[in-house]
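Take a look at the structure set out below.
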Amino acid sequence: MYNKRGNRQFRERQSTDPNFPIPIDRRGVRLTGEQIGDDWVDIPEKIPEIIVPSLKDFHLKPYVSYRVEEITVREFTAKDLFNYIYAAKIVDDFEKNRLGPDGTPLYPNEYEELTPEEARIRAEQTGTDIFALNEEGF
């Protein structure tokens, strides 16, 4: 039962009686100490330590102006991904005649050596999104 429910006597009994069947709802907030008798004792290990970087001499503002130009980025497609990862290597291998008779590279790089299962596992990992664009704009 939430803390605002019940009359004054109910809430008073809820806070003083340790065997009361409906405990006080703390809404996910953890206690930073313990009640020993009538005294509250803070436990330093239970107090959360929030580490915040210093923003002294920080040159950016904490907001974005409404007058900023709208930035539009086109969708990153499978063709863009192919061009970003494989195209330069394929063109280089073709120009230097480093392709086998069936078109496979004679000196494959780390991406070309991946099995389909390994490539799928790598693609599903966090942080694998490629947002950087190369010189051609892909």
Side-chain angles (χ1 to χ4, degrees):
M1 183 179 272
Y2 300 123
N3 297 334
K4 298 230 178 216
R5 302 283 182 187
N7 58 20
R8 180 177 292 161
Q9 289 85 17
F10 173 82
R11 290 194 309 269
E12 200 173 282
R13 188 166 165 222
Q14 187 182 29
S15 64
T16 57
D17 186 2
N19 297 324
F20 195 69
I22 303 172
I24 295 174
D25 181 32
R26 303 205 184 278
R27 304 270 180 156
V29 177
R30 294 181 182 163
L31 296 176
T32 59
E34 293 182 5
Q35 187 77 31
I36 299 177
D38 291 339
D39 297 330
W40 176 259
V41 179
D42 282 322
I43 301 173
E45 290 83 12
K46 287 188 168 186
I47 298 173
E49 181 180 348
I50 300 173
I51 300 171
V52 180
S54 172
L55 298 179
K56 184 179 180 187
D57 300 328
F58 191 69
H59 66 280
L60 295 177
K61 302 287 184 190
Y63 61 89
V64 177
S65 172
Y66 286 103
R67 291 179 281 169
V68 70
E69 294 179 21
E70 186 173 337
I71 299 171
T72 57
V73 178
R74 66 182 181 89
E75 183 179 352
F76 196 76
T77 64
K79 182 178 179 181
D80 296 334
L81 180 63
F82 177 82
N83 289 333
Y84 185 79
I85 300 293
Y86 297 108
K89 170 88 167 58
I90 292 172
V91 170
D92 187 45
D93 285 349
F94 180 76
E95 289 174 351
K96 294 180 179 175
N97 200 18
R98 290 189 286 187
L99 294 176
D102 57 346
T104 59
L106 297 176
Y107 307 105
N109 63 11
E110 63 175 306
Y111 299 115
E112 294 169 328
E113 291 177 338
L114 291 176
T115 64
E117 182 65 23
E118 291 172 337
R120 184 187 61 78
I121 290 170
R122 275 194 179 185
E124 291 175 351
Q125 290 177 345
T126 58
T128 58
D129 299 332
I130 300 174
F131 292 109
L133 301 177
N134 61 12
E135 301 83 40
E136 291 85 30
F138 295 107

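Atom set for the values below is all heavy atoms of this structure, side chains included, hydrogens, waters and symmetry mates excluded. Predicted model only: the values in this text are computed from it and were never measured. We count residues from 1, following the sequence as given.
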Requested in this report: To the nearest 0.5 angstrom, please state how far the CD1 atom of Ile43 sits from the OG1 atom of Thr32.
Outcome: 8.5 Å

Query raised in the report: At their closest point, which heavy atom of Asn7 faces which heavy atom of Phe10, and how far apart are they?
Result: OD1-N, 2.9 Å

Query - Phe20 CZ: over 12 foreign heavy atoms closer than 6.0 Å - result: yes

Query raised in the report: Do Ile90 and Leu99 belong to the same hydrophobic cluster, where Ile, Leu, Val, Met, Phe, Trp and Tyr are linked whenever their side-chain heavy atoms lie under 4.5 Å apart, directly or via other members?
Result: no

Report task. Measure the OG1-CG distance between Thr104 and Asp93 for me, rounded to the nearest 0.5 Å. Result -> 10.0 Å

Query raised in the report: Does CZ belonging to Phe94 count more than 12 external heavy atoms closer than 6.0 Å?
Result: no

Query raised in the report: Between Ile22 and Gln14, is any pair of side-chain heavy atoms under 4.5 Å apart?
Result: yes

Query raised in the report: Rounded to the nearest 0.5 Å, how far does CG of Leu31 lie from CG of Asp42?
Result: 10.5 Å

**Report entry** Side-chain touch Arg98/Asp92, heavy atoms, less than 4.5 angstrom
**Finding:** yes

Query - Rounded distance [0.5 Å steps], OH in Tyr86 versus CG in Leu81 - result: 7.5 Å

Report task. Give a yes or no on whether Asp102 atom CG has more than 12 heavy-atom contacts from other residues, nucleotides or ligands under 6.0 Å away. Result -> yes

**Report entry** Minimum side-chain heavy-atom gap Leu114-Glu110 below 4.5 Å
**Finding:** no

Query raised in the report: With a 4.5 Å limit on heavy-atom distance, are the side chains of Glu118 and Glu113 in contact?
Result: no

Query raised in the report: Does the Glu112 side chain pair with the main chain of Asn109, one donor and one acceptor, at a distance under 3.5 Å?
Result: yes

Query raised in the report: Is Asp39 reaching over with its side chain to a backbone N or O of Ile36, donor-acceptor style, under 3.5 angstrom?
Result: no

Query raised in the report: About how many Å separate CG of Asn97 and CG of Leu106, when rounded to the nearest 0.5 Å?
Result: 8.0 Å

Query raised in the report: With distance as the sole test, does Thr16 use its side chain to make a donor-acceptor pair with the main-chain N or O of Glu12 at under 3.5 Å?
Result: yes

Query raised in the report: Heavy-atom count around Arg120 CZ within 6.0 Å, excluding the residue itself: above 12?
Result: yes

Report task. Locate the shortest heavy-atom distance separating Pro105 from Lys89; write the atom from each residue and the value. Result -> CB-NZ, 4.3 Å

